[in-house]
Amino acid sequence: MGTVQNRTAYSGGEGSAQEDLDARLTVELASVVSAARRRATRDGDRQVDTAHLLHGLLEWDPAVREAFDGGPQVARLLGYLVQRSIGYGLQWHGTVEDSGSVPVVAEGSVPGWSPAAAAAMDGALDRAHARYATRAGCLDLLAALVDDPESRAVEVLRRASVDTARLAARLDGEPRSVRD
């Protein structure tokens, strides 16, 4: 099963699984994933969730910031995400992000990743594959995050008044410039 194989690569551990994932991500997206892991650890969260990934995307990739309606929207998003790390979203601490879009199962789950975050990474890899790219990029992950309307990332986007349907349409309509 390809999905399970992809998800096992997110463990963050040493060795071939991590190298396999890194080989399928652009340098920028690998940096986002590393930043999300560090943020989750620093915030005391048990798992990397979609909000951690969104925060990393906004910090690391100018193309992601350009996908939004401009500087004020990005500033508002970053404000919500920073608030989350210092208290906003306390209801999330110690809980597993499960949007309901993916079944929570022990077999094939990814240690250290919420089911929604693992599904988003799978979606990013699928989007890259669909456009015949060898590596998933940051815009692939952003589009995959927006595809799950019940994820924490989409909750943050909505709180920042981002029209997620419009963002998804924009991401689906724009060619992705990703260095393979």
Side-chain angles (χ1 to χ4, degrees), residues 1-4 6-7 10 25 29 32-33 35-37 39-40 43 45-61 63-70 72-85 87-105 108-110 112-131 136-176 178:
M1 204 185 300
T3 302
V4 173
N6 288 348
R7 290 182 179 178
Y10 311 146
L25 305 178
L29 186 51
V32 166
V33 169
R37 283 188 191 117
R39 181 165 285 107
D43 292 349
D45 294 328
R46 296 182 322 161
Q47 297 181 324
V48 171
D49 65 26
T50 59
H52 294 122
L53 292 170
L54 177 62
H55 200 157
L57 285 169
L58 288 165
E59 287 183 332
W60 281 91
D61 194 339
V64 167
R65 291 188 297 275
E66 290 172 16
F68 293 92
D69 286 333
Q73 197 170 60
V74 171
R76 196 168 37 249
L77 277 168
L78 286 170
Y80 276 114
L81 289 162
V82 168
Q83 288 175 12
R84 179 213 178 183
S85 67
Y88 165 76
L90 278 176
Q91 71 275 15
W92 293 343
H93 284 286
T95 64
V96 173
E97 176 184 33
D98 174 28
S99 67
S101 295
V102 292
V104 178
V105 292
S109 65
V110 184
W113 286 71
S114 75
M121 189 60 72
D122 285 340
L125 293 167
D126 290 345
R127 291 177 75 84
H129 183 262
R131 62 183 169 74
C138 293
L139 290 177
D140 294 316
L141 180 57
L142 179 61
L145 289 172
V146 173
D147 282 345
D148 183 353
E150 301 302 318
S151 71
R152 290 177 182 173
V154 170
E155 181 181 336
V156 170
L157 291 168
R158 286 185 188 133
R159 285 180 185 247
S161 301
V162 173
D163 182 341
T164 56
R166 184 173 163 195
L167 177 59
R170 189 177 312 134
L171 291 167
D172 286 339
E174 291 180 355
R176 290 167 179 77
V178 176

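Pairing each heavy atom of L125 with each of A136, the nearest pair is CD2-CB, 3.9 Å. Taking all atoms of both residues into account, the shortest heavy-atom contact from T50 to S151 is OG1-CB, 3.5 Å. Contact between R152 and D49 at its shortest, heavy atoms only, is NH1-OD2, 2.9 Å. Listed here is the closest heavy atom pair of A120 and A144: O-CB, 3.2 Å.
Under the salt bridge (charged side-chain N to carboxylate O under 4.0 Å, His left out) criterion, R166 pairs with D69, not counting sequence neighbours.
Of the candidates L57, L25, L53, L57 is the only one forming a side-chain contact (heavy atoms from CB on, under 4.5 Å) with C138.
Here the side chain of D148 pairs no donor or acceptor atom with the backbone of L145 at under 3.5 angstrom. A distance-only check finds a donor-acceptor pair linking the side chain of R170 to the backbone of A67 [under 3.5 Å]. The backbone N or O of R159 lies less than 3.5 Å from a partner atom in the side chain of Y80, making a donor-acceptor pair. Formation of a donor-acceptor pair under 3.5 Å by the D45 side chain with backbone atoms of Q47 is not found in this model.
Inter-residue side-chain proximity for E155 and P149 is flagged as unmet; no heavy-atom pair is nearer than 4.5 Å. With a 4.5 Å cut-off on side-chain heavy atoms, V156 and L54 count as touching. Between L157 and F68, the closest side-chain pair of non-hydrogen atoms falls below 4.5 Å. Looking at heavy atoms from C-beta onward, W113 lies in side-chain contact with V33 at the 4.5 angstrom threshold. Two residues are said to be in side-chain contact when any heavy atoms from C-beta on lie closer than 4.5 Å; V32 and H55 fail this criterion. With contacts defined as side-chain heavy-atom distances shorter than 4.5 Å, the pair L81/H52 does not qualify.
Comment: D172 engages R127 in a salt bridge, judged by a side-chain N to carboxylate O separation of less than 4.0 angstrom. One finds a salt bridge joining E59 and R39 here, because a Lys/Arg side-chain nitrogen approaches an Asp/Glu carboxylate oxygen to under 4.0 Å.
Taking CG of L139 as the start and CG of D61 as the end, the distance is 6.0 Å to the nearest 0.5 Å.
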